Amino acid sequence: MNAASRDPWQWRDLVRREIDLPRTVLELPVDDAVGRVVGAEVASPEDLPSTPIAAMDGFAVRRADLAAGSVTLPVSSEIPARPGAIGELARGTAARIMTGAPVPGGADVVVEVEATDADPFGPSPRTVTLSLQEVPAARRHIRGVGEEVSSGEVLARPGDRVGAGLVGLLRALGVETLPVERALAVGIVVTGDELVGTAGRAEVGAVRESNGEMLGAALRADGVEVRAVHSTDTHADLTAALEEAAAHSDLVLTTGGIGHGAYDVVKTLLGERGGGGSRFEHLRLRPGGPQGFGHLPDGTAVIHLPGTPVGALVGHHLFVRPLLVGERAAPRRVLRGAADPLPGSRRAGVLHALPGRLRHDSHGRECVDLLPGRRLAPYGRADAIVLLGGADGAGSPEAAGTVPEETVLILPL
């Protein structure tokens, strides 16, 4: 690769072009589809409402029987909001009606109970006096057929996330199942002889393993099924771990072993000196410069992340998440926080990824403050990765000089 290709944004585009994850659509009960991604267009099977219904408690009447001032009409029926056939409204009469009840045929106005002499909580009266400043417009306080949703109207499109609102709408229309994308499965292979479990006191030279759980948490937040395994720094152990992960996964992630050292087992097994199925590069990115991607011998896509926890986290949000959730992983701009120190030690042309915390300023505008601290520590409170430097240069999602200087790019965590 030439020097220009080491830009992290170009690498991000390259990964998205070269890795195409399988998308399978399945039909699930609506309640089980919550949080999933819609896999095919969903259209309404019927009108909502399917019959004219009252939008107010009051009296259903014929507009032709009304006049400005006081009009007294006999009450011919009472219509509660419950199932059952509704007949025609007799001419010259009113029907007491409740919100949500079907409007009888012939009625084209509902007069709210507040404009009558009827007791809202008492029994249905024999007559009702309507006090009107003017004759109401036709269809007043009546929800027409298909007013909310018309038959055939698109309710959801591929890529939409299934939330409570869509569930409620589908249930109101009698829809019981929904086409959704099958949850992607990702296997994580964490490498390193030095890694140990989290329980107890670690001996000298040992490091408690955190990448598997950290990346697993980020993946599960996007609805991904996760399985993590640990490998030592031997080719045999790593080969077995990769085979195990690939057998159950659409995508495999590795962490560690992609530097320039003698024990960088991932690079020596899968790079040019090994199987050659993966390509590796050191990007103009801090932290997280070492990166890689490719395909395992069985064809499963693999992305190689650094072993440092922050490098792995940054790499996940920059290069892995776009494959999983598409445009929802795109960076966005917010105002730079007033407390941003912008240290001068950052190298020009390098994309610096730093921990940030979002807030709203006194004008309600979203902004982000950089958090102090080293390595993983500030990420305990961070809710964003702040991208400084290289993000505004060549290869970034935006041309240099076209964005306000008081803003920064972020990736929400």
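All values derive from a computational prediction rather than experimental measurement. Residue indices begin at 1 and follow the sequence shown.
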Quiz: residues 67-83 side-chain donor-acceptor pairs under 3.5 angstrom, not counting sequence neighbours:
| from | atom 1 | to | atom 2 | distance (Å) |
| --- | --- | --- | --- | --- |
| T72 | OG1 | T129 | OG1 | 2.8 |
| S76 | OG | T93 | OG1 | 3.0 |
| S76 | OG | A94 | O | 3.4 |
| E78 | OE2 | R96 | NH1 | 2.7 |

Between E176 and R171, is the side chain to side chain contact (heavy atoms under 4.5 Å, CB included) condition met? List the steps.
CA-CA 7 Å; E176 296 185 355; R171 284 304 193 195; 4.1 Å; yes

Test log, rule side chain to side chain contact (heavy atoms under 4.5 Å, CB included), inputs L323 and V15
CA-CA 8 Å; L323 302 176; V15 172; 4.0 Å; yes

Determine, stepwise, if the pair L28 / L178 fulfils side chain to side chain contact (heavy atoms under 4.5 Å, CB included).
CA-CA 5 Å; L28 286 184; L178 188 64; 5.9 Å; no

Step by step, work out the side chain to side chain contact (heavy atoms under 4.5 Å, CB included) result for V189 and T191.
CA-CA 6 Å; V189 177; T191 67; 4.3 Å; yes

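The residues D108 and R62 are annotated as not salt-bridged, no charged nitrogen and carboxylate oxygen being separated by less than 4.0 angstrom. A salt bridge does not link E406 to R336: none of the charged nitrogens lies less than 4.0 Å from a carboxylate oxygen.
In the displayed structure, E27 atom CD is contacted under 6.0 Å by more than 12 heavy atoms of other residues, nucleotides or ligands. Heavy atoms of other residues, nucleotides or ligands lying less than 6.0 angstrom from CD of E272 number 12 at most. For R23, the CZ atom sits in a packed shell: over 12 heavy atoms of surrounding residues, nucleotides or ligands are nearer than 6.0 Å. Within 6.0 Å of the CG atom in D119, the count of heavy atoms belonging to other residues, nucleotides or ligands exceeds 12.
Between the side chain of D383 and the backbone N or O of L358 there is at least one donor-acceptor pair closer than 3.5 Å. Looking at D264, its side chain does come within 3.5 Å of a backbone N or O of G259 through a donor-acceptor pair. The backbone N or O of G144 sits less than 3.5 Å from a side-chain atom of E147, completing a donor-acceptor pair. For D47 (side chain) and S151 (main-chain N/O), a donor-acceptor pair under 3.5 Å exists by modelled atom type. Side-chain atoms of N211 do not come within 3.5 Å of backbone N or O of T255 as any donor-acceptor pair. Formation of a donor-acceptor pair under 3.5 Å by the R284 side chain with backbone atoms of G349 is found in this model. The closest donor-acceptor contact from the side chain of D65 to the backbone of G92 lies under 3.5 Å. H230 places a side-chain N or O within 3.5 Å of a backbone atom of G192 that can act as its donor or acceptor partner. Side-chain atoms of S249 never come within 3.5 Å of backbone atoms of A246 as a donor-acceptor pair (strictly under, hydrogens ignored). No donor-acceptor distance shorter than 3.5 angstrom exists from the side chain of D222 to the backbone of L219, with no hydrogens or angles considered.
Taking every heavy atom of both residues into account, M56 and V110 meet most closely at O-CG1, 3.9 Å. Between A60 and A107, the shortest heavy-atom contact is CB-CB, 4.0 Å. Of all heavy-atom pairs between A54 and I97, the closest is CB-CD1, 3.8 Å. Scanning both residues, V180 and A33, for their nearest heavy atoms gives CG1-CB, 3.8 Å. Between A183 and G223, the shortest heavy-atom contact is CB-O, 3.5 Å. When all heavy atoms are compared, the tightest approach of T177 to V175 is O-CG1, 3.2 Å.
A side-chain hydrogen bond (donor to acceptor under 3.5 Å, both in side chains) check over residues 130-141, counting only residues at least two apart or in different chains, returns the pairs E112-H141. Among pairs with a residue in residues 32-46, none fulfils side-chain hydrogen bond (donor to acceptor under 3.5 Å, both in side chains), at least two apart in sequence or across chains. Counting only residues at least two apart or on different chains, the side-chain hydrogen bond (donor to acceptor under 3.5 Å, both in side chains) pairs with a member in residues 296-316 are T254-H304, S278-H304, D298-T300.
Distance check: L242 CG to L269 CG gives 6.5 Å after rounding to the nearest 0.5 Å. Taking CG of D57 as the reference point, atom CZ of F121 lies at 9.0 Å (rounded to 0.5 Å). In this structure, CD on Q10 lies 10.0 Å from CG on L283, to the nearest 0.5 angstrom. The line from NE2 of H360 to CG of L335 is 10.0 Å long, rounded to the nearest 0.5 Å. Here the straight-line distance linking atom CH2 of W11 with atom CZ of F293 works out to 5.0 Å at 0.5 Å rounding. Here CG of D237 is found 3.0 Å from OG1 of T232. Values are rounded to the nearest 0.5 Å.
Side-chain contact between V113 and T116 is present, with heavy atoms from C-beta onward closer than 4.5 Å. Looking only at side-chain heavy atoms (C-beta outward), L351 and L387 come within less than 4.5 Å of each other. A heavy-atom distance below 4.5 Å is not found between the side chains of L313 and L305. Side-chain contact between P355 and L370 is absent, with no heavy atoms from C-beta onward closer than 4.5 Å. At a threshold of 4.5 Å between non-hydrogen side-chain atoms, the residues L173 and L155 count as touching. For the pair L413 and Y379, the minimum side-chain heavy-atom distance is below 4.5 Å. Side-chain contact between R182 and D250 is present, with heavy atoms from C-beta onward closer than 4.5 Å. The shortest side-chain heavy-atom distance between R157 and V38 does not fall under the 4.5 Å cut-off.
Under the salt bridge (charged side-chain N to carboxylate O under 4.0 Å, His left out) test applied with D369, the options R357, R359, R381 reduce to a single match, R359.
When only modelled atom types and interatomic distance are considered, H352 and R286 share no side-chain donor-acceptor pair under 3.5 Å.
Checked against salt bridge (Lys or Arg N to Asp or Glu O under 4.0 Å), E148 has the following partners two or more places apart in sequence or in another chain: R143. By the side-chain hydrogen bond (donor to acceptor under 3.5 Å, both in side chains) test, S150 is found to be paired with E153, residues two or more places apart in sequence or in another chain being considered.
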